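Because the structure is a prediction, the values reported are computed rather than measured. Throughout, a chain's letter reflects where its sequence line sits, starting with A, and its residues are numbered from 1.
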Number of protein chains: 2
Amino acid sequence: MLTKNDRLGKKLKDRGLKATPQRLILLNIIEECGHVDIEFLYKRLKETIPTISISTVYNNVKKLQDAGIIKEVSISAFKPLYETNISEHIHLVCIKCRKIIDFYVDKEEIKKFFSSITKKEILSFEITLFYLCEECKD
Amino acid sequence: MLTKNDRLGKKLKDRGLKATPQRLILLNIIEECGHVDIEFLYKRLKETIPTISISTVYNNVKKLQDAGIIKEVSISAFKPLYETNISEHIHLVCIKCRKIIDFYVDKEEIKKFFSSITKKEILSFEITLFYLCEECKD
DNA sequence: GTCCATGCAAACGATTTGCATGCGT
DNA sequence: ACGCATGCAAATCGTTTGCATGGAC
């Protein structure tokens, strides 16, 4: 039975990165909170490690990105966000509360749909859909 | 018969913005070049108006965005880009030469497709597709 | 002992703001 | 004459870098 920290530590070591407390907590925050920006990460990290430096946050986010452990999300009117979800999915954004949720799709189905529309071989995609979530419909 | 400047000037005045030379040329550059960043705009504007200030570029880009005349494009690994195209379309990005082209779609068809997949009423979308363009296939 | 990550401070780049000037109406 | 846009400089914000320290292997 692997603890959460063991699992996150393994994730890091598998890519040749040391499993420091800073990195474990950072990964944990991203996993739990979904789509977070640098500022949010820094604030949350400081709760556990009050001495953490903002440069450590930036440096680690970049390292984890390069290692393919986290991914940057670009959505207009949002700051760059980070997520641990590597598998292909699309984002659903509520136009009112701005909450972002992941929606898993059949990657091949999406690629096929757009290949047929564009008459080009689509290799990958970034898709954000805007809607009004249940809570905001009231 | 409207000249290009008349047309761009009207676009500005219709939204309550003055049609200054800086704004007319800025709009003209975005229209001609498609997806441009601030730096590119500034360099190109200086060719015609050598005294133009970078703050004028920033301020005008923001004003035109607020007025709905130009739109910001967010794509991972790209700086924020601006386009005059307001009508809904998707972006095709070559993974090799990074050239971006617009592809016009039937908005309703796209919304219907994703509404049926997600079981939610999709109101709008931001879609970027990655592919290998003809020139780069060699 | 070596390597790498950290925290701090300084540097840097991008963007915003305040203000004096000047143009267009 | 008035209001807004401009250009400049300074201020600010976000991000990166250099470096000394310290911990893990």
Practice item. Kindly check if the number of other-residue, nucleotide or ligand heavy atoms within 6.0 Å of NZ (B/Lys10) is above 12? Key: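 12 or below, so no.
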Check your understanding: Any chance CD of A/Gln65 has more than 12 other-residue heavy atoms, nucleotides or ligands included, within less than 6.0 Å?
Key ->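 Yes, enclosed.
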For [X] and [N], what is the distance between atoms [atom1] and [atom2] respectively, to the nearest whole Å?
X	N	atom1	atom2	answer
A/Arg15	C/dA5	CZ	P	16 Å
B/Glu39	C/dA14	CD	C1'	10 Å
B/Lys46	D/dC8	NZ	P	10 Å
B/Asn59	C/dC19	CG	C1'	13 Å
A/Phe40	D/dG14	CZ	P	17 Å

Point to revise | hydrophobic_cluster_shared for A/Leu123 and B/Val93, side chain cutoff 4.5 Å | key: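 Yes, because B/Val93 and A/Leu123 connect within a single hydrophobic cluster, where side-chain heavy atoms sit under 4.5 Å apart.
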Point to revise | Residue closer to the 5' end of DNA chain C, B/Lys62 versus B/Lys13 (nearest nucleotide) | key: B/Lys62
**Study point:** Whichever of A/Ile54 and A/Lys63 has its nearest DNA chain C nucleotide further upstream toward 5'
**Key:**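 Mapping each residue to its closest nucleotide by heavy atoms, the 5'-most match is A/Lys63.
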Practice item. Give the ring-plane orientation class for A/His35 versus A/His91, where under 30° counts as parallel, over 60° as perpendicular and anything between as tilted. Key: perpendicular
Practice item. Answer yes or no: is there an ion pair linking A/Glu88 with A/Lys111, defined by an N-O contact shorter than 4.0 Å? Key: no
Check your understanding: Salt bridge between B/Glu121 and A/Lys137, side-chain N to carboxylate O under 4.0 Å?
Key -> no
**Study point:** Residue-phosphate contact under 4.0 Å: B/Thr56 side-chain N/O, D/dT6 OP1/OP2
**Key:**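 No, no such contact exists.
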Exercise for review: Using only side-chain N and O atoms of A/Thr51, determine if any of them is under 4.0 Å from OP1 or OP2 of C/dG7.
Suggested key: yes
Exercise for review: Could you identify which residues of residues 16-30 of chain B place a heavy atom less than 4.0 Å from some atom of DNA chain D, listed by residue number, or say none?
Suggested key: B/Lys18, B/Thr20, B/Gln22, B/Arg23
Exercise for review: Return the nearest nucleotide to the side chain of A/Tyr58; candidates are D/dG7, D/dG14, D/dT6.
Suggested key: D/dG14
Practice item. Please tell me which of A/Ile38 and B/Ile49 maps to the more 5' nucleotide of DNA chain D, matching each residue to the nucleotide holding its nearest heavy atom. Key: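 Its nearest nucleotide lies further toward 5', so the answer is B/Ile49.
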